[in-house]
Structure formats: C-alpha cells, structure tokens
Amino acid sequence: MSAYNASRKIVLGLGNTLNRDEGLGVQALKVLEERLSVKTAGRVEFLDGGVLGLNLLPWVEEASHLLVLDAINASKAPGTLIELKRDEIPLYSGIKLSDHQVTFQEVLGL
C-alpha cells in the first residue's frame, strides 16, 4: 500500500456471496462499477472486500472518502437504504475465538 493519499476515494463492497443476503454489498459494488467506472476512471477505486475483515484495515486507513456497501440488520423492511456517518456506526468489540470473527465495525474502530 502507498502512503496516505488525501484524495483516495474507495467504494467498498462487503459480504459473503455464499450466505443468503450477505452478498448484497459485493453485488451492489459490481453494478456501481459497471455503471460508473468510465465516469470515475482514476478517481474512485472499487474494492470487493468480501469477508476480508482485518485485512481491509490498510484501505480504510488510507481512504480520504470511504463508501461501504453492506447488508445490516437495522430492524427495518428488507431493501431499506440506510446511511450511517462516522459516530452513527456502532463499533462493536468483544471476545473472539479467531480472527475470522472480526467484524467490519471493529476494523473501523481500529
């Protein structure tokens, strides 16, 4: 990874495409990239973060702008779009049995 770039814009799709709706962020990323890649060439990076967990930390740290696409349980009707900014994102942490259990909220907390 390169040194911090004050204008590194990243669109990050999250989710496991093998589990029910969890592939939503990854699938939405593909659609956005198909529609916007020509208009945003060289200015926006599209990253399939899948379930990389803690391995996403370098991209999060280096982003000047970060748009995260993911499915969450927000106690709303399925398909409801929700926008959360900075302090509105709960940064959960707790006892983990392995690194595979690290959530993206914890990556943001780091």
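Along the sequence shown, the residues carry numbers beginning at 1.
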- Item | Spacing of CG belonging to L12 relative to CH2 belonging to W59, to within rounding of 0.5 Å | 9.5 Å
- Task: Keeping to residues at least two apart or across chains, list the side-chain hydrogen bond (donor to acceptor under 3.5 Å, both in side chains) pairs with something in residues 72-81.
- Result: none
- Hey, could you give me each pair passing salt bridge (charged side-chain N to carboxylate O under 4.0 Å, His left out) that has a residue in residues 40-57? Not counting sequence neighbours. R8-E45
- Item | Any residue meeting side-chain contact (heavy atoms from CB on, under 4.5 Å) with L84, in chain and number order, not counting sequence neighbours | I72, I82, E88, I89
- Output for pair (N16 CG, L14 CG), nearest 0.5 Å, gives 11.5 Å
- Query: Linking Ile, Leu, Val, Met, Phe, Trp and Tyr by side-chain heavy atoms under 4.5 Å, what else ends up with V31?
  - Reply: none
- Task: Identify the two heavy atoms, one from A63 and one from I10, that lie closest to each other, and give their separation to 0.1 Å.
- Result: CB-CD1, 3.9 Å
- Taking the side chain as every heavy atom from C-beta outward, state whether V68 and F104 have any atom pair closer than 4.5 Å. yes
- Message: Clusters formed by hydrophobic residues whose side-chain heavy atoms approach within less than 4.5 Å: which one holds L69, and what are its other members?
- Response: V11, L29, L32, L36, V44, F46, L67
- Message: Under 4.5 Å side-chain heavy-atom separation, chaining through any Ile, Leu, Val, Met, Phe, Trp or Tyr, what else clusters with V51? Say none if it is isolated.
- Response: none
- For L56 and G49, work out which heavy atoms get closest and say how close. CD2-CA, 3.9 Å
- Residue pairs passing the side-chain hydrogen bond (donor to acceptor under 3.5 Å, both in side chains) test where at least one lies in residues 29-42, sequence neighbours excluded: none
- Task: Report the residues that fulfil side-chain hydrogen bond (donor to acceptor under 3.5 Å, both in side chains) with Q27, sequence neighbours left out, ordered by chain and then residue number.
- Result: none
